[in-house]
Q: 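Structure incoming, see below.
What you see is a predicted model; the values in this text were computed from it and never measured.
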Amino acid sequence: MSRPLTTSHFKGPVIPPHIKSLSIAEPHRGENSHDNHHSCSDTEQWHPDALSWLRRVSPAECERSVRDAIDVGYRLLDTATSYENEEAVGHAIRNHGIDRGDLFVTTKLWIKNASYEGAKAAFERSLNKLQTDYLDLWLIHQPYGDVYGAWRAMEELYRAGRIRAIGVSNFYSDRLVDFVLHNEVTPAINQIELHPFHQQDDALEILKQYDVQAEAWGPFAEGRNGLFSNDVLQSIAQKHGKTIAQVVLRWLNQRGIIAIPKSVRKERMAENFAIFDFTLDDTDLRAIAMLDQKASSFFDHRDPEKVRWLGTRSLG
């Protein structure tokens with residue numbers, strides 16, 4: 001059993017530099033995107049992290065993707081109950097043979113289970129599917145439902161050593177501050193939308209103020225707004241002899257943000273891995289800063305219709 005992590009373990013990068021991360025859900029991208037991938041979901045669905053229709057892919061294909069990621073060198077695997085692939089991820093880890101202690105496994109609690117009793121039961125289901133006896137990180141996936149009741153359950157599991165760290169996802173700054181002020185354990189992480197078109201400088205300042213690490217989902221904006229053909233990013237990429245994807249990941253890394261790029265193609269995994277042999281200079285950073293549109297490329301979590309949709313969505 002791994003001992004719990006406290007917030008103090010997350011100074012600087014939450015995950016040590018040698019721990020590379022991969023999200024185990026891949027949206028279908030448009031013709032002009034980085035490339036077209038498949039998802040590690042065995043059902044065609046739309047999940048609120050990618051906000052795109054996902055292609056069908058077999059559990060076997062998902063398992064292969066996870067094994068490939070581990071072979072490339074990734075050690076942080078990010079999944080969620082709503083991705084409906086925890087079981088395939090668990091099989092991949094077990095069949096690969098890597099020591100469980102060498103991995104950092106994250107999953108997320110879905111809205112329907114956001115209550116004290118619901119979280120307790122959901123935790124056991126996730127452990128069973130992932131074939132592990134502890135989680136490295138468990139996140140509340142969306143800021144809806146009885147998140148305070150769920151957090152009490154998560155705090156208990158954390159103190160018992162069954163989770164090494166607990167955190168949240170998609171919490172806007174006002175929700176985060178209220179959450180921190182009214183709970184004993186401060187979230188270690190807030191996983192939020194972060195990419196060149198939605199840089200969230202104000203939110204990052206709040207996270208820093210409350211000692212919460214930022215983690216970026218959708219670091220490539222899922223190819224929206226022409227990210228992979230953007231002239232500014234392309235110029236910077238050519239300057240450094242890198243791809244646009246590598247420039248974006250390096251930009252996040254230099255800002256102290258953990259990125260969880262999504263891919264099921266081994267060559268793309270390796271490409272995303274290779275970002276530590278160059279540095280963006282001040283000119284590069286200023287140019288990227290000008291791309292900020294200061295708005296989500298997906299949707300507003302305060303939109304009543306989206307809240308209703310998410311809150312009534314059933315899994316499986």
Q: Going by atom types alone, do Ser263 and Asn272 pair a side-chain donor with an acceptor below 3.5 Å?
A: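 Judged by distance alone, the side chains do not pair up.
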Q: Checking Arg162 against Trp138: charged group under 6.0 Å from the ring centre and within 45 degrees of the axis?
A: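 No, a cation-pi geometry is absent between Arg162 and Trp138.
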Q: Have a look at Phe179 and tell me which of Ile140, Asp174, Val212, Asn190 forms a side-chain contact (heavy atoms from CB on, under 4.5 Å) with it.
A: Ile140
Q: Whether the side chain of Arg64 engages the backbone of Arg67 through a donor-acceptor N/O pair (distance < 3.5 Å, no angle test) should be reported.
A: no
Q: Please determine whether the number of non-hydrogen atoms from other residues, nucleotides or ligands lying under 6.0 Å from atom CG of Asp277 exceeds 12.
A: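 For Asp277, atom CG is crowded (more than 12 foreign heavy atoms under 6.0 Å).
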Q: May I ask you to check whether Trp309 and Glu305 show a side-chain donor-acceptor distance below 3.5 Å?
A: no
Q: Do you see a donor-acceptor pair shorter than 3.5 Å between the side chains of Tyr144 and Asn170?
A: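 No, no side-chain donor-acceptor pair sits under 3.5 Å.
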Q: Could you verify whether a donor N or O on one side chain and an acceptor N or O on the other, from Glu86 and Thr79, lie under 3.5 Å apart?
A: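 Per modelled atom types, Glu86 and Thr79 side chains form no pair under 3.5 Å.
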Q: Are Arg164 and Phe104 in a cation-pi contact, defined as NZ or CZ under 6.0 Å from the six-membered ring centre and within 45° of the axis?
A: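 Cation-pi check for Arg164 and Phe104: fails.
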Q: Is the distance between the ring centroids of Trp217 and Phe298 less than 6.0 Å?
A: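 Yes; Phe298 has its ring centre under 6.0 Å from that of Trp217.
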Q: Is a donor from one side chain sitting under 3.5 angstrom from an acceptor on the other, for His301 and Gln142?
A: yes
Q: Hey, are Arg125 and Asn128 close enough side-chain-wise for a donor-acceptor pair under 3.5 Å?
A: no
Q: Does Thr81 reach the main-chain N or O of Lys108 with its side chain, forming a donor-acceptor pair under 3.5 Å?
A: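 At least one qualifying donor-acceptor pair exists.
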Q: Testing the basics here: between Leu280 and Val247, what is the closest heavy-atom pair and its distance to 0.1 Å?
A: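 Residues Leu280 and Val247, closest heavy atoms: CD1-O, 3.8 Å.
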